[in-house]
Amino acid sequence: MTDDVVNFTYMLRLAYDFLHGGRKFQIKSNRKDKKLVSIVFPFSELVFAAKAIPIFPIRLEKYKVNTYLQALNSASSVFGWKTVTNFLGFVRKFDVLKVFDGIIDDLIDSLNDKYNEMYDIGIEEGISNDFCYGIKSLYGMHSSHQGIYDSNVNVIIRCSAFNKYYESLKRYHKNLIWLDIPPRNIGNALELCTENVKDTINQLEKLTGNTINDNDLRKYFRISNECKQLYREIIYDISSSDFYPCNPATFSEILALLSLSFQDFNSDAETYLKNFRNLVKEMKERIRKKIGKDVSNMPRILLTPRFGGWEPKSHEYIYDMGGRLLYADWEILGVLEPVEAYTYTDPIEAYAKFLMNTTTIGIGCDQNALTDSYIRVAKKMNVDGLIFTQLFGCHSISNCYQMLREKIRTELEIPTTMITFNKIGENLEQVKTRLGAFMEMF
Amino acid sequence: MVDLEFYLEYYDFLKQEKDNGKKVIAFLSHDNIPEELIDAAGFIPLRLIFSGNDELMDKGAEYLPTSTCSFALSSIGLFAEKPNKYKFLELIDYFIVSNHCVSDICSSEIICIYFNIPRINFYVPYILSETGLKYYRLELIEFKNKLEEIKGSPISNEDLFNSILKYNDFRKKISNIKYTNISGSKKLELYQKASLYGPKILEIMDFNTSNLEQAHQTNNKKNIILTGCSIFLGDDLIDLIEEGGGNVIFLDTWVGDAYFSQQFDDTWLNAQREKDPIDILKEFFEKNSNTDHIVPNYINFKISKINSVIKDLKENIGISKIGVINHIIKFCDHISLPKEQLKEELQAIDTPVLNLERDYSRASHGQLSTRIEAFLEMI
Ligand code: SF4
Ligand code: SF4
């Protein structure tokens, strides 16, 4: 996989920032008097606008692969990232730098190990084994970094476990910032949601001592809109191409990393957007130059939900079995819709509209809306098959397989299967067998 | 535990009401559903409080994963299995899909879709803020409109106000049993029946609590406050506690005091006669500190409620040795997630707590009894 990766300058940059860029915030002086606010969903714009640092908690951890990336990063500060990765690509041709083989694999593996470690801490802290992987590991993350965050943004969703998880964070944080979203868009619910966003802004202003003005908001909504658009370009255009800029397993890993890093924009929205833009450019360029892999005969499989926990070995298995696996959770959950941040609109109301819309079509308030969303995205991506993850302990986004299967049968007519998931690395044989049987349908 | 005859009687009751032109509106038994509005529309609210055995739970698992709470699964199972005993379910006209928890949404939605029951939505905000309250009011109005559409005529303010008075009086009367000297199982039976019949129970049963004796300390029984998930009709958990030597002296659950203690002061209520009764229902929601639905103060409310009950029992009733059983239906998000915090905080004030997590499988009965007995011995 080395050739794929080392030439992906901006992928490496994004990956580096994701895994290494967060740890420095453990040290207060590195925050430059900014507040550190943990966040889980991709709703970080308000935090940026408050001149605080949003952080997805797993990014505070220390990773084994840091040495590779550290070296790369140090070199990059002297020669620049592009030179460094071009150099690596060149050296690789002489098979000298074997150490970089599978660098993205390493990243993903160490990330997964960390997730499992956090999961175990969550259980030690008293979270019942019966909750989903995501909640248990998030709880572990908060417990292992008590006192480091200044706050956590709690965006209310329909998942009752998650809302209670937010409440339980009181144990670790003095300050919790809440953002309530009305469950349905009825009457003047939009107005109420706008009030709620204002209230969250007030909470952030109080925490940071900074004022959030309309221009700050618009700026970050625009950045996030462009990231969303680029994200969609990868999901819909690049992923449907007959030629991939890398091998399909690496492509799946890139999608996984993007969905993780998208939550806090690697704590630096401007840089994230720049890297994202260049990543898409790089991908297109490689496709144009036919650097990568012809995937025209490989069926495209959508695996969802991934958010909350999934078996990362799946994309390797699917690749070995002749397919390409795609992840598109944020699109399914409706969060890639743009915020209408035009100069003449009230940005707070625009954001409230976005939140209400997300609730209605994606994160949704019922299974019908949610399954419709799975179907909508699968249709638009024109995938050949769908794998549904039934995540142990999830009572919200991954428990509607029965309803989804019926909709797939009547509206999509593509093969589908369900795999259960509890913890990374558990039941690998079972997953493999199940995926093998599924891939035989193509 | 109630017998078959009870279910038949309940069928007759509902059938008679239906024959009189009333509609039956069912929902999963949690709080915050405004039964007063249903009553004012001339309809019958039917709380689903039937679960406690393997069969219903297993049947429900054909629709939702087994990692769903046994109550939600059993509620689906009722419709999938249609056991004869629950023939009255055939009389349901509408089903309310509400978001007390996400399993409530999912199971109610499945009941509507797969068993062809017309759906009515009623969603509740998660945060008790000013906007949350305004949102709740919106839902009340939507709900009222929907009921009026079904009814074919408006619900007058006077009818709604009278229903509010009626339910307030009903809750007051039933809540009088809370510290009486009747066994926990008997209390639970009364709460369960009252939950099903609503204010009608006062006409059907002789419900005079004035001649009931107040609870007092008995030497051979260990007194328990039961909190967490409700015990539903068909579940013998309370029998297991009693067989183990315990007595549930206080039921701090939705089929129990958590619901019936939600009352308005009569003088205050009468002063609201000229106002919009929708605002009284909104007020009811605002005052409902017993709910496990809301965040972020559920656990604080819960602990202060249990503390005040303990204080009451100690200072006013003279009962000193009290334990708390936190009943957790496996996979119940609301009760399970904060269980350790509840335990830690109550133990810190010398109250023994048992987090009793279980599903409805018969196989776990022996283990349940052992845990209960061991806990009771500690008190
Ligand atoms: S929706 Fe499911 S995966 Fe997400 S937090 Fe809730 S239970 Fe976990
Ligand atoms: S999860 Fe808890 S609150 Fe939800 S339906 Fe089950 S018992 Fe009720």
- Message: For the aromatic rings, using the six-membered ring if either is Trp, is the centroid distance between B:F95 and B:F115 under 6.0 Å?
- Response: no
- Task: Please state whether the side chain, the backbone, both or neither of B:N297 comes within less than 4.5 Å of a heavy atom of chain A.
- Result: both
- Side-chain ion pair, A:R171 and B:E344, N-O less than 4.0 Å: yes
- Quick one: does B:I306's side chain get under 4.5 Å of B:E345's, heavy atoms only? no
- Segment of A:I157 engaging chain B (4.5 angstrom heavy-atom cut-off): backbone
- Task: Keeping the roles fixed (side chain from B:S129, backbone from B:G132), state whether a donor-acceptor pair exists under 3.5 Å.
- Result: yes
- B:Y114 versus chain A, heavy atoms under 4.5 Å apart: side chain, backbone, both or neither? side chain
- Closest-packed option against chain B by number of heavy-atom pairs under 4.5 Å, given A:E195, A:E191, A:Q390: A:Q390
- Heavy-atom distances under 4.5 Å only: say whether B:E62 touches chain A with side chain, backbone, both or neither. backbone
- Between B:Q341, B:K134, B:E340, B:H334, which residue shows the highest count of heavy-atom pairs closer than 4.5 Å to chain A? B:H334
- Which answer fits B:N121, side chain, backbone, both or neither, if we ask what part of it has an atom under 4.5 Å from a heavy atom of chain A? both
- Query: Quick one: does A:D329's side chain have a donor or acceptor within less than 3.5 Å of a partner on A:F307's backbone?
  - Reply: yes
- Counting heavy-atom pairs under 4.5 Å with chain B, the top scorer among A:Y165, A:F162, A:Y139 is A:Y165
- Aromatic centroids of B:F331 and A:F392 separated by under 6.0 Å: yes
- Query: Under a 4.5 Å heavy-atom cutoff, which of B:K330, B:E130, B:H100 has the most pairs with chain A?
  - Reply: B:K330
- Bottom line for B:I299: the part with an atom under 4.5 Å from chain A's heavy atoms is both
- Item | Residue A:I156 versus chain B: region with a heavy atom under 4.5 Å | side chain
- Side chain, backbone, both or neither of B:L133 within contact of chain A (heavy atoms, under 4.5 Å): neither
- Message: Main chain of B:L64, side chain of A:N399: is a donor-acceptor contact present, judged purely on distance under 3.5 Å?
- Response: no
- Task: Please check if atom CD in B:Q367 has more than 12 non-hydrogen atoms from other residues, nucleotides or ligands closer than 6.0 Å.
- Result: no
- Close aromatic pair by centroid cut-off 6.0 Å: B:F79 and B:Y63: no
- Task: Let me know if A:I135 has heavy atoms under 4.5 Å from chain B in its side chain, its backbone, both or neither.
- Result: side chain
- With a 4.5 angstrom heavy-atom cut-off, which part of A:I186 approaches chain B: side chain, backbone, both or neither? both
- Between B:P338, B:C106, B:S103, B:C101, which has the largest tally of heavy atom pairs under 4.5 Å with chain A? B:C106
- Tell me, with the steps shown, if A:Y401 and A:T416 meet side chain to side chain contact (heavy atoms under 4.5 Å, CB included). CA-CA 10 Å; A:Y401 186 57; A:T416 178; 3.4 Å; yes
- Task: Examine whether an atom of A:N188 lies under 4.5 Å from a heavy atom of chain B, and if so say whether it belongs to the side chain, the backbone or both; otherwise answer neither.
- Result: both
- Query: Checking heavy atoms, do the side chain of A:N368, its backbone, both or neither come under 4.5 Å from chain B?
  - Reply: both
- Message: I'd like to know whether the aromatic ring centres of A:F354 and A:Y351 sit less than 6.0 Å apart in this structure.
- Response: yes
- So which part of B:K339 gets closer than 4.5 Å to some heavy atom of chain A, the side chain, the backbone, both or neither? side chain
